[in-house]
Amino acid sequence: MSYAYEVLQKVIERNPGEAEFHQAVKEVLETLEPLLNVRRDYRRAGILERIVEPERQIIFRVPWVDDQGKVQVNRGYRVEFNSAIGPYKGGLRFHPSVNLAIIKFLGFEQIFKNSLTGTPIGAGKGGSDFDPKGRSDGEVMRFCQSFMTELYRHIGPNTDVPAGDIGVGSREIGYMFGQYKRIKNTFEGVITGKGLTYGGSLVRKEATGYGLIYLVNEMLEDKHMSFEGATVVISGSGNVAIYAAEKAMELGAKVVTMSDSNGYIYDAQGINLDTVKLIKEVNRGRIKEYAAIHSTAKHYEGYDGIWSIPCDIALPCATQNELNGESAKILVKNGCVAVGEGANMPTSPEAVEIFRENKVLFAPAKAANAGGVATSALEMSQNSLRLSWSFEEVDQKLKDIMVSIYKTISEVAKEYGCEGDLIAGANIAGFIKVADSMLVQGIV
Ligand code: NDP
């Protein structure tokens, strides 16, 4: 039995019911075989056994009072997964589907993603089953303050630096930062994605979406293709989806869809992003409203159907496992040539296999959406230096990072005998740096 397989079996046994975590671990471990065959020292040092076990897992009660004066109780999480190459770093997700399995899958993936950015950050992830949708600003503030009243004791600019994710945007970050500062009586860069008036970085808002397009563009150019004139299907209508659409359009693509958890809109003329920003960023509305404003668009209930819209490039930017095997077959049949994962683990294992068999170019999340956390690391640098870099400066650094990630993962894939397999390239390249750091730091 191979070392990777043995460890995977133990993970499944020791973490029952955590399907998403098993899925994420399996996807990484099965691509590491070519590396593990030459690096026998990893087995002796128990690197795999250690890397799949979070360094620390914190679960806590989050009580708060709603607008009717009723006490509500949510569950908070912070999983500090790996600090071999820097302080724990990773977002907070507020969504009713959040549980330990989701936070652990995200935290595990974060290890390799953060390593790929080339910046000195370890990996963590957290969040709550709280749903900010439909809640008043006052309710969101009281929840965030209660959440931070427990979380503050576990984090710090050199210990653990959270950021946003699904359901956590500038409003939530502001409330959490305010509460941290109040409790600690310290103004420090403990969280990223901050507002520009109090230590945030330009381009952080755009970073994940822009970064996705920069990386996918490198992948396309390698095969003498580009976004120019391409039809692009994007799912989601949150932070990642909006700025991926913006940059893809800037590069000459026509983006024809966006979605939320109720359904998707299809505008064959090309999406009007100003309308989407108004609906989602200003009014906190639903994507359905777009079709009432633009007669060229139609709204469809349910979100699977989005993948049946013919396109050249598909960019899943909503949530995990949103693109399944059936959808992948339809995309291939309709001539889709490239897929880039803006969301974390949006493509199911069956769908990945179908793309592989059909030679669809595939940019995995660990590399493709690393621009967000990379820019968070740039925000941390600016906070430490007490400086603010210009939009152009940060955008250029982001672009350089994404180009360098693409170069690294394609070269590493080739070096380990799996040319063109960017999943293997990203996993192996991200893993080596962390594993080698663990190796020299003793058994910790
Ligand atoms: P947002 O909360 O801004 O937007 C999420 C979008 O996805 C919304 O349109 C939401 O619709 C939709 N969505 C969420 N859950 C579901 C679901 N279960 N089914 C269908 N649609 C759903 O989040 P982000 O844009 O920040 O995050 C999107 C993805 O990108 C996530 O996988 C996240 O982990 C990943 N990511 C984000 C980064 C960042 O910097 N923000 C960095 C790296 C990765 P609705 O409004 O109906 O819930």
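Counting starts at 1 for both ligands and their atoms, in listed order.
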Side-chain donor-acceptor pair present, Thr296, Asp267, cut-off under 3.5 Å:
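On atom types as modelled, these side chains qualify, holding a pair under 3.5 Å.
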
So, Ser128 and Arg75: side-chain donor and acceptor under 3.5 Å apart, yes or no?
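The criterion, which ignores hydrogens and geometry beyond distance, is not satisfied for Arg75 and Ser128.
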
Write out all pairs satisfying ring-ring contact (aromatic ring centres under 6.0 Å, His included) with one or both partners inside residues 291-328, taking only residues at least two apart or from two chains.
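Of all non-adjacent pairs touching residues 291-328, those that pass ring-ring contact (aromatic ring centres under 6.0 Å, His included) are Tyr264-Tyr300, Tyr290-His294.
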
Quick one: ring-ring contact (aromatic ring centres under 6.0 Å, His included) partners of Phe105, sequence neighbours excluded?
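Result, ring-ring contact (aromatic ring centres under 6.0 Å, His included) vs Phe105: none returned.
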
Indicate yes or no: does Arg142 engage Asp67 in a salt bridge with an N to O separation below 4.0 Å.
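Looking at Asp67 together with Arg142, the answer is yes, because their closest N to O distance falls below 4.0 Å.
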
Counting only heavy atoms and a distance below 4.0 Å, can you name the residues contacting ligand 1?
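These residues qualify: Arg93, His95, Lys133, Asp165, Ile166, Gly167, Arg204, Thr208, Gly236, Ser237, Gly238, Asn239, Val240, Ser259, Asp260, Ser261, Arg286, Tyr303, Cys317, Ala318, Thr319, Gly342, Ala343, Asn344, Asn369.
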
Under the side-chain contact (heavy atoms from CB on, under 4.5 Å) test, residues paired with Lys333 that sit two or more places apart
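Result, side-chain contact (heavy atoms from CB on, under 4.5 Å) vs Lys333: none returned.
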
